[in-house]
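Below is one structure; the comments refer to it alone.
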Amino acid sequence: MAGGIEAVFLSNREALLRFLRARGAGTDAEDLLQELWLKVSAAPARPVAEPLGYLYRMANNLMLDQRRSEGRRKLREFEWTARDTARPSGVPDITSAERVLAARQQVKAFEDALAGLGERTETIFRRYRLDGVPQGEIAREYSISVSAVEKHLQRAYRALVQLRGQLDAE
Amino acid sequence: MMVNEGEKVMTVAIGWVIRLRHADAREWEEFAAWLEADPRHLQAYEEVAAADEGLDALPPREVRAAEVAAEADVRAEPVPRRKVLGWAIAASVVGLAGYASLDTATDHYAVETIAGERRVVALADGSRIELNGDTKVALDRRTPRYARLERGEALFTVVHDASSPFRVEAGDADIEDLGTVFNVTRAGEVVGVEVAEGEVAVASGGQRAHLTPGMGVRAEGKRLTPSRRDPASVGDWKRGLLSYSSASYEQIAQDLFRNAGLGVQVDPELRERRFSGVIILGPDKSVLMARVAALLTVKARPAGEGWLLVPAEQ
């Protein structure tokens with residue numbers, strides 16, 4: 001009874017598996033594909049304009065989630081070690097209030113980095129990334145070419161990648 | 001040469017993060033092939049994707065000032081950033097619950113759909129918001145009778161409460177329900193409101209309009225342009241119908257993207273043309289484009305990832 005998106009999944013199984021491997025899933029690729037299938041078959045039926053593109057996006061999101069939870073695991077391990085060595089047991093090293101503050105500092109660092117790019121690049125980047133306005137539309141708004149919009153976006157992303165590198169190194 | 005090579009890979013990786021926001025299957029496959037070509041490609045992509053993810057935590061500009069004020073007292077002492085923890089902390093807090101959990105003074109969250117997707121949000125007071133594709137609505141758990149349409153289209157079915165009117169903000173426009181079902185669209189700074197039931201007050205740039213069923217308004221900063229629509233057809237997109245009365249082709253192109261994920265550009269030659277009638281959205285994108293072209297008496301040419309509408313005689 002596989003209909004719609006499920007049928008698309010089944011006939012593109014190999015391509016999706018290949019995508020997950022290329023995306024760094026390694027030996028987990030089959031498991032992740034299974035997870036994707038469960039999500040697809042559990043989701044309420046609704047029209048999807050481009051089902052295969054949608055499946056690729058879901059697969060990519062699985063990989064992004066995976067990396068995020070790895071980050072969380074590392075954080076837990078770190079806390080664990082810190083607690084065992086330096087703190088009386090049961091007292092966490094980092095309180096949740098501190099976490100919230102640290103996260104806010106990250107947000108602030110991002111905002112400062114964007115502001116440092118100059119008004120035009122910042123505004124164009126925010127229009128694209130936060131307001132979700134397509135590049136073509138931004139190009140019309142500013143009467144510049146799509147490739148000029150792309151240049152602004154490239155500059156902004158470059159600065160953010162660099163910022164993140166710095167924060168990671170600290 | 002080596003440095004240049006790394007720079008080039010980074011440029012391409014950034015290009016992918018930008019393109020993949022609206023990619024179709026073919027582009028995802030090209031992306032996979034690029035990843036397979038060199039292990040450094042995945043590494044560069046992961047780096048950009050990680051930086052990109054952090055952006056989800058950024059509040060939109062207009063709420064920033066208020067939140068900075070709310071933050072000021074909590075942030076008396078800077079927290080020392082610790083090695084390893086910095087990004088992991090941000091990622092875990094943000095990753096779990098979005099920006100909502102970062103703020104103790106408010107409880108903001110956002111609901112978002114991709115093009116072609118639909119979602120229904122049930123609010124605590126019994127009101128309902130139905131989101132069309134490519135739409136983002138920002139909400140606040142502490143202020144349940146309020147929503148902000150960041151972009152796209154949503155149909156609001158609001159439980160009326162005279163003592164606490166439901167407010168929708170969209171760009172410069174402020175929409176207040178006086179008991180109601182109404183539809184709101186936002187594309188950049190242009191906001192459209194249409195009323196199916198009840199009564200709605202719209203204020204934008206100092207101008208005000210009172211709308212009853214069948215009435216609509218298009219707000220662009222200070223300019224309010226009245227429009228009309230059969231109340232029974234308000235929010236028709238929910239049923240897979242796009243109904244128009246002398247709509248510009250630009251507007252139809254926007255609706256096709258939002259509802260069906262179909263990227264459509266309109267040749268400037270067609271700027272003056274208007275369409276009245278109903279487009280029935282079907283499951284098949286390629287057929288849909290052909291049908292729309294026939295209805296609008298234009299030719300649809302493949303262009304990039306989408307289509308370009310040109311006059312039929314061209």
Side-chain angles (χ1 to χ4, degrees), chain A residues 4 12 15 18-19 22-24 46-50 52-57 60 64-65 67-69 71-72 74-75 78 94 98-107 110-111 114 126 128-137 141 150 153-154 157-158 160-161 163-165 167-170, chain B residues 10-11 14-15 17-18 20 22-25 28-29 32 35-36 42 46-55 57-58 60-61 71 74-75 78-79 81 83-95 101-102 104 114-118 134 136 150-151 188 240 260-262 265 283 285:
Chain A
N12 290 280
R18 180 183 150 192
F19 175 81
R23 200 49 192 75
R46 58 158 186 250
V48 175
E50 231 262 323
L52 186 53
Y54 184 78
L55 288 171
Y56 276 120
R57 183 177 306 279
N60 200 48
L64 292 173
D65 292 347
R67 197 181 41 71
R68 248 200 317 262
S69 58
R72 277 199 289 274
K74 275 190 197 136
L75 171 66
F78 183 86
I94 311 287
E98 278 181 309
R99 278 191 200 188
V100 168
L101 286 183
R104 275 190 185 164
Q105 285 178 359
Q106 312 287 353
V107 169
F110 258 134
E111 294 200 310
L114 281 180
R126 280 178 175 274
Y128 172 77
R129 179 58 179 80
L130 302 174
D131 301 340
V133 180
Q135 284 184 78
E137 207 172 296
E141 275 176 21
E150 169 117 17
L153 299 180
Q154 278 274 354
Y157 268 119
R158 225 161 242 279
L160 295 176
V161 168
L163 167 70
R164 189 175 169 163
L167 291 170
D168 276 341
E170 259 174 40
Chain B
M10 187 49 76
T11 304
I14 291 172
V17 168
I18 295 171
L20 292 176
H22 302 289
D24 59 17
W28 283 105
E29 275 149 23
L35 289 177
E36 283 166 348
L42 176 61
E46 292 270 20
E47 241 178 274
V48 186
D52 181 66
E53 219 163 50
L55 293 165
L58 286 193
R61 241 174 191 172
E71 263 175 55
V74 201
R75 207 199 276 170
V79 182
R81 246 191 238 116
K83 199 168 160 57
V84 185
L85 290 180
W87 274 100
I89 289 172
S92 62
V93 175
V94 171
S101 58
L102 303 185
T104 47
I114 60 169
E117 192 189 2
R118 299 282 158 80
D134 192 35
K136 185 171 178 185
E150 306 272 357
R151 65 160 194 280
L262 213 57
Q265 304 237 312
K285 198 161 105 175

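Numbered from 1 within each chain, the chains take letters A, B, ... in sequence-line order.
Closest approach of B/Glu29 and A/Leu52 over heavy atoms only: OE2-CD2, 3.8 Å. Across all non-hydrogen atoms, the minimal contact from B/Ala32 to A/Ala22 is O-CB, 3.8 Å. Listed here is the closest heavy atom pair of A/Arg164 and B/Ala50: NH1-CB, 2.8 Å.
In this structure A/Gln135 satisfies the side-chain hydrogen bond (donor to acceptor under 3.5 Å, both in side chains) test with no other residue, sequence neighbours excluded. Among residues two or more places apart in sequence or in another chain, the salt bridge (charged side-chain N to carboxylate O under 4.0 Å, His left out) test is passed with A/Arg57 by none.
Your options are B/Leu42, B/Leu35, B/Ile18, and the one with the most heavy-atom pairs under 4.5 Å with chain A is B/Ile18.
B/Glu47 places no side-chain N or O within 3.5 Å of a backbone atom of A/Val161 that could act as its donor or acceptor partner. At least one donor-acceptor pair closer than 3.5 Å links the side chain of A/Arg129 to the backbone N or O of B/Asp52.
With a threshold of 4.5 angstrom between heavy atoms, A/Leu114 approaches chain B through side-chain atoms but not through N, CA, C or O.
Counting heavy atoms from C-beta outward, B/Ile14 and A/Arg158 have side chains that approach closer than 4.5 Å.
Here CD of B/Glu53 is found 8.0 Å from CG of A/Asp65. Values are rounded to the nearest 0.5 Å. Going from atom CZ of A/Arg23 over to atom CD of B/Glu46 covers 4.5 Å, rounded to the nearest 0.5 Å.
Aromatic ring orientation, A/Phe19 versus B/Trp28: perpendicular (interplanar angle above 60°, classes split at 30° and 60°).
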Test side-chain contact (heavy atoms from CB on, under 4.5 Å) applied to B/Arg151 and A/Val133, step by step: CA-CA 9 Å; B/Arg151 65 160 194 280; A/Val133 180; over 6 Å; no
